[in-house]
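Data first, discussion second: the structure below is written as structure tokens.
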Protein chains: 2
Amino acid sequence: MTSIEKHNHDHSLESHKACVSLVPIFKHLDEEQLDEIMAATRSVSFEKGEIIYREGDEADSLYIIHKGKVRIYRLTEAGKEQLVRLLNPGDFTGETALFTDSVHESYAEAMMETKVCVIQRSVLQGFLLKFPSISLKILQEFSNRLNTSETQTTRFSSETVETRIALFLTEQMDQKNDRNIVYLPMSKKDLASYLGTTPETISRKFAELEAKGLIRQKSTRQIEILEVDELLLV
Amino acid sequence: MTSIEKHNHDHSLESHKACVSLVPIFKHLDEEQLDEIMAATRSVSFEKGEIIYREGDEADSLYIIHKGKVRIYRLTEAGKEQLVRLLNPGDFTGETALFTDSVHESYAEAMMETKVCVIQRSVLQGFLLKFPSISLKILQEFSNRLNTSETQTTRFSSETVETRIALFLTEQMDQKNDRNIVYLPMSKKDLASYLGTTPETISRKFAELEAKGLIRQKSTRQIEILEVDELLLV
DNA sequence: CGTTGGCTTGAATGAGGTCAACGGCGGTGG
DNA sequence: CCACCGCCGTTGACCTCATTCAAGCCAACG
């Protein structure tokens, strides 16, 4: 029995339909095609803190987030968590192993009450051949992730922690420019994990950047960027 | 004029056909389909040291290696090279930007005389919709790369250089088990870049591992693994 | 109101990067 | 065929950045 089977399926049809029809990779399909996909998928809910899948689990399904937030992380040899990415509604996961070997290399954990739409590997492959446009959507997503991941690797390989923080902050700024306020999408602890460092170092570096007058910490999750240009020169 | 247009196209039909028909992502197609793809692609050759594309170049083509060897690397903020991967015949590159933005984030450099098969973005997208099975092949490849890249990121984030070397060596061993001899697929300099460290450190760590009796350096590129289990405990 | 978990700060340690010098090897040209 | 050059790899000395360990603070929550 896999971990998802232990959970209550969501039998509400409307909710399930909403789940399927809203996800970006299916959005362009017509009513009839959506029905076909709906029939082959199911909705599953997870509580905060529950593990959706863990390293070593057989990977035979694609999970599309409908509601909530999911943390994808890996463990280093030493057992330390490395945050790989956060998933929001519309994002999907589980795909890596869908096309290759069948074991997950990462962990997926619900950060709050989360609803996901699950598609079996074999079913998905059928859809991909039948509706080639879905492949293009997934290829695009993969492409983005690959780029992000390789950029991250490059940064880890030789940038200082300070530079990584600066790059992270300025990239967040680009996303939605509420003037120069950055809302951290995760806790400082998770940020440390994501940036490949420790909470202590994050704390110190933020303090340093603030002392230099480059940023201002308005609250734990809210950072005002005072000097963008200088920040990038760090 | 992009960099590839500066080069001699390979007008030999047989060679071009060999190029197209041999690549894994097209292998399963029939004669007629191959002809269609051949017509829409072209072969281009590069000398040792030539750059196939560089960071910032418009990315509008997929490159499939037919002959030779290619280094894909990125530059860090500080201008240091980070080796991302090596391409051998049958591998492809240029795809990342094919589905998203249109600018390369990495460099591709021919390490020896190299022949590649080039497909324009728009043409490729057409093929993907027409022959959905190609998408599956590419998805599979992406999936592998993504996994490799995320594994690499995780390792960079907190493993020591020694551990990264040990993991690299044992993984190489798995590939082809000529007893316990590992043939390094690249120079130590490139290996340093790939593992996110410096040639000096690589040199020292190899010497340490040898002193501990875990490995033996038979020649520059040939490493004998003496104690696999201990190596993994480093 | 005590506990838990996130965040901060201090001090000590160490892994690995940098700089510099040198030996070896292969290619090139006289 | 030899001399020279350039690049790779190695080794030593030094130094810096960031992790680790430890302790304390604060806010949220049962």
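Just so it is clear: chains get the letters A, B, ... in the order the sequence lines come, proteins before strands, and each one is counted from 1.
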Check the distance between C:dC25's P and B:Arg221's CZ and give it to me in whole angstrom. 15 Å
What integer distance in Å separates B:Lys189:NZ from C:dC25:C1'? 16 Å
Test: A:Glu81 and A:Lys189 ion pair at under 4.0 Å: no
So what does A:Thr160 hit on the nucleic acid, given a heavy-atom distance under 4.0 Å: a base, only sugar-phosphate, or nothing? sugar-phosphate
Using a 4.0 Å heavy-atom cut-off, does A:Thr197 contact any base of the nucleic acid, only the sugar-phosphate backbone, or nothing at all? sugar-phosphate
Round to a whole Å and report the spacing from NZ of A:Lys188 to C1' of C:dT8. 9 Å
Using 30° and 60° as the class limits, which term best fits the ring planes of B:Phe142 and A:Phe142: parallel, tilted or perpendicular? parallel
Separation of D:dA18 atom C1' from B:Phe156 atom CZ, nearest Å, is 18 Å
Rounded to whole Å, CG of A:Leu195 lies from P of D:dA18 at a distance of 12 Å
What's the verdict on side-chain hydrogen bond (donor to acceptor under 3.5 Å, both in side chains) for A:Thr154 and A:Ser157, showing C-alpha distance, side-chain angles and the deciding distance? CA-CA 5 Å; A:Thr154 303; A:Ser157 82; 5.8 Å; no
Kindly check if the number of other-residue, nucleotide or ligand heavy atoms within 6.0 Å of CD (A:Glu208) is above 12? yes
Can you check each nucleotide of nucleotides 20-30 of chain D against protein heavy atoms at under 4.0 Å and return B for base, S for sugar-phosphate only, - for none, in 5' to 3' order? BBB--------
Looking only at C:dT8, D:dA18, D:dT11, the nucleotide nearest the A:Lys205 side chain is D:dA18
Do the ring centers of A:Tyr63 and A:Tyr53 come within less than 6.0 Å of each other? yes
Counting side-chain heavy atoms from CB outward, which of D:dG9, C:dC7, D:dT19 is closest to B:Thr220? D:dG9
Lys/Arg cation over aromatic B:Phe206: B:Lys188, 6.0 Å, 45° cone: yes
Does either side chain, that of B:Arg74 or that of A:Thr151, offer a donor lying less than 3.5 Å from an acceptor on the other one? yes
Quickly work out the A:Leu191 CG to C:dT8 P distance and round it to whole Å. 11 Å
At their closest point, which heavy atom of A:Asn147 faces which heavy atom of B:Glu105, and how far apart are they? ND2-OE2, 3.2 Å
Go through the steps to decide whether B:Gln152 and A:Thr153 satisfy the test side-chain hydrogen bond (donor to acceptor under 3.5 Å, both in side chains), and finish with yes or no. CA-CA 7 Å; B:Gln152 196 75 329; A:Thr153 307; over 6 Å; no
Between P on D:dG12 and CD on B:Glu208, what's the gap in Å once rounded to a whole number? 12 Å
Residue-phosphate contact under 4.0 Å: A:Gln217 side-chain N/O, C:dC7 OP1/OP2: no
Using the C1' atoms of five pairs at each end, what's the angle between the two axes of the helix from C:dC1-D:dG30 to C:dG30-D:dC1, to 10 degrees? 40°
note: B:Glu159, atom CD; C:dA15, atom P; distance rounded to Å ~ 15 Å
